[in-house]
Amino acid sequence: WRCPPVVEVFDVQEQVWSVLEHVKGLRRTAFPSVGALQGRILVLDNCTPGFFMFNPSQPETGWVAAAAPAHPARQACGVAVYGDRFVVAGGRHSGGGRSVEAFRFTAAVEAEEWWQGDWEAWPDLRVDRVGPALAVVQGRLVATGGHADEGFTASMEVLSGGEWRVLAAEMPAALHAHAAVGLVSAPHGLPAPRGLRVSAE
């Protein structure tokens, strides 16, 4: 823990990894939640309260500690970039495993104080989820899996009409601390993506 934080960058065209030199202001943390929003990199510290961001177009600023969400120590939460929001959901914290919060920038990437933004509370999940995954599927935000008092869950829910609704289908297995992604088109050998079906509950 006394070692400095390390950030590595993958160049898709060159197919190589490199170490990001600019780590000033960033602290070392375990199990961070990371996202890229409007040209900036966001890191939510899930162990001790902290929310950090970096603007590659203004690297001299270094990493900036920004305002944390209302429930900052979100251990084992799910994260996704949804439209112009960085969304965090569930996890093990004071707000419970159903709470959802979203961050949006109020300043442009080229602004002098490019880190300015705010958090807002979103509708709670229908199911307690510690260690869920969030993904955007066909333009809709989906939460999958996680752990609650009754154990692991294979359920999924989608944000629809301003509230979360449980999907009729479940995952093949109940998973915790996993990842999920939405495919625009199916890779070779996989079935084509189909529409989401929402249960009446």
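Note that the coordinates shown come from a computational prediction; the quantities given were computed from them, not determined experimentally. These numbers come from the heavy atoms of this one structure, side chains and all, not from hydrogens, waters or symmetry mates.
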Residue pairs meeting ring pair (Phe, Tyr, Trp, His ring centres under 6.0 Å), one or both in residues 128-149, sequence neighbours left out, come to His147-Phe152

Report task. Could you check if a side-chain atom of Trp164 sits within less than 4.5 angstrom of a side-chain atom of Trp122, using non-hydrogen atoms only? Result -> no

In short, salt bridge (Lys or Arg N to Asp or Glu O under 4.0 Å) pairs touching residues 47-67 with sequence neighbours left out are none

Check residues 6-27 and write down every donor-acceptor pair under 3.5 Å in which the side-chain atom is one partner and the other belongs to a residue at least two apart or another chain.
residue, atom, partner, partner atom, Å
Asp11, OD1, Gln13, N, 3.0
Asp11, OD1, Glu14, N, 2.9
Gln15, NE2, Val12, O, 2.5
Arg27, NE, Asp45, OD2, 3.1
Arg27, NH2, Asp45, OD2, 3.4
Arg27, NH2, Thr48, O, 3.2
Arg27, NH2, Thr48, OG1, 3.2
Arg27, NH2, Pro49, O, 2.4

* Say whether Trp114 and Leu42 are linked into one hydrophobic cluster, either directly or through other cluster members, by side-chain heavy-atom distances under 4.5 angstrom. => yes

**Message:** Grouping I, L, V, M, F, W and Y whenever their side-chain heavy atoms are under 4.5 Å apart, do Val43 and Val81 come out in a common cluster?
**Reply:** no

Tightest non-hydrogen contact, residues Ala102 and Val87, listed as CB-CG2, 4.2 Å

Here the salt bridge (Lys or Arg N to Asp or Glu O under 4.0 Å) pairs for residues 113-125, sequence neighbours left out, are Arg85-Glu120, Arg104-Asp118

On a heavy-atom basis, the closest approach of Ala89 and Val100 is CB-CG2, 3.8 Å

side-chain contact (heavy atoms from CB on, under 4.5 Å) filter on Ala67, not counting sequence neighbours, yields none

Interatomic distance, CG@Asn55 vs CZ@Arg40, rounded to 0.5 Å, equals 6.0 Å

Here the gap from Ile41 atom CD1 to Met53 atom CE, rounded to the nearest 0.5 Å, amounts to 11.5 Å

*Examine Phe51 and Val88 and state if one hydrophobic cluster contains both, with Ile, Leu, Val, Met, Phe, Trp and Tyr joined whenever side-chain heavy atoms are less than 4.5 Å apart.*
yes

With sequence neighbours left out, the residues meeting ring pair (Phe, Tyr, Trp, His ring centres under 6.0 Å) with Trp63 are Phe54

### Message
Side chains of Val166 and Met156, heavy atoms from C-beta outward: is any pair under 4.5 Å?
### Response
no

N/O donor-acceptor pair under 3.5 Å between Gln58 side chain and Val109 backbone | yes

Residues passing the side-chain hydrogen bond (donor to acceptor under 3.5 Å, both in side chains) test with Thr61, sequence neighbours excluded, are none

Hits for ring pair (Phe, Tyr, Trp, His ring centres under 6.0 Å) against Phe105, two or more places apart or cross-chain, chain-then-number order -> Phe103

Closest non-hydrogen contact found for Pro132 with Gly91 is CD-N, 4.4 Å

(request) Flag the pair Glu157 / Arg129 as yes when at least one side-chain heavy-atom distance between them is below 4.5 Å, and no otherwise. (result) yes

One should read off an interatomic distance between His71 NE2 and Arg92 CZ, to the nearest 0.5 angstrom, of 16.0 Å

Original post:
Is there a path from Val127 to Val137 through hydrophobic residues (I, L, V, M, F, W, Y) whose side chains come within less than 4.5 Å of each other?
Top reply: no

*Please examine the side chains of Tyr82 and Leu37, heavy atoms only from C-beta on, and report whether any two atoms are closer than 4.5 Å.*
no

With sequence neighbours left out, the residues meeting side-chain contact (heavy atoms from CB on, under 4.5 Å) with Asp84 are Gln38

Point to revise | Close side-chain approach of Ser57 and Glu110, heavy atoms under 4.5 Å | key: no

I want to check something: taking the side chain as every heavy atom from C-beta on, are Phe52 and Val64 in contact at a cut-off of under 4.5 Å?
no

The side-chain contact (heavy atoms from CB on, under 4.5 Å) partners of Ala80 (sequence neighbours excluded) come to Leu134, Leu141

| query | So, the side chain of Gln75 versus the backbone of Val130: is there a donor-acceptor pair under 3.5 Å, distance only? | reply | no

Residue pair Val136 / Val142, side-chain heavy-atom distance below 4.5 Å: no

Residue set satisfying side-chain contact (heavy atoms from CB on, under 4.5 Å) with Ser33, at least two apart, ordered chain then number -> Leu44, Asn46, Cys77, Val79

When every non-hydrogen atom of Ala135 is compared with those of Gly182, the smallest separation belongs to CB-N, 4.2 Å

Minimal heavy-atom distance between Asp128 and Ala148, with the atoms involved, is O-CB, 3.5 Å

Across all chains, not counting sequence neighbours, the salt bridge (charged side-chain N to carboxylate O under 4.0 Å, His left out) partners of Glu170 are none

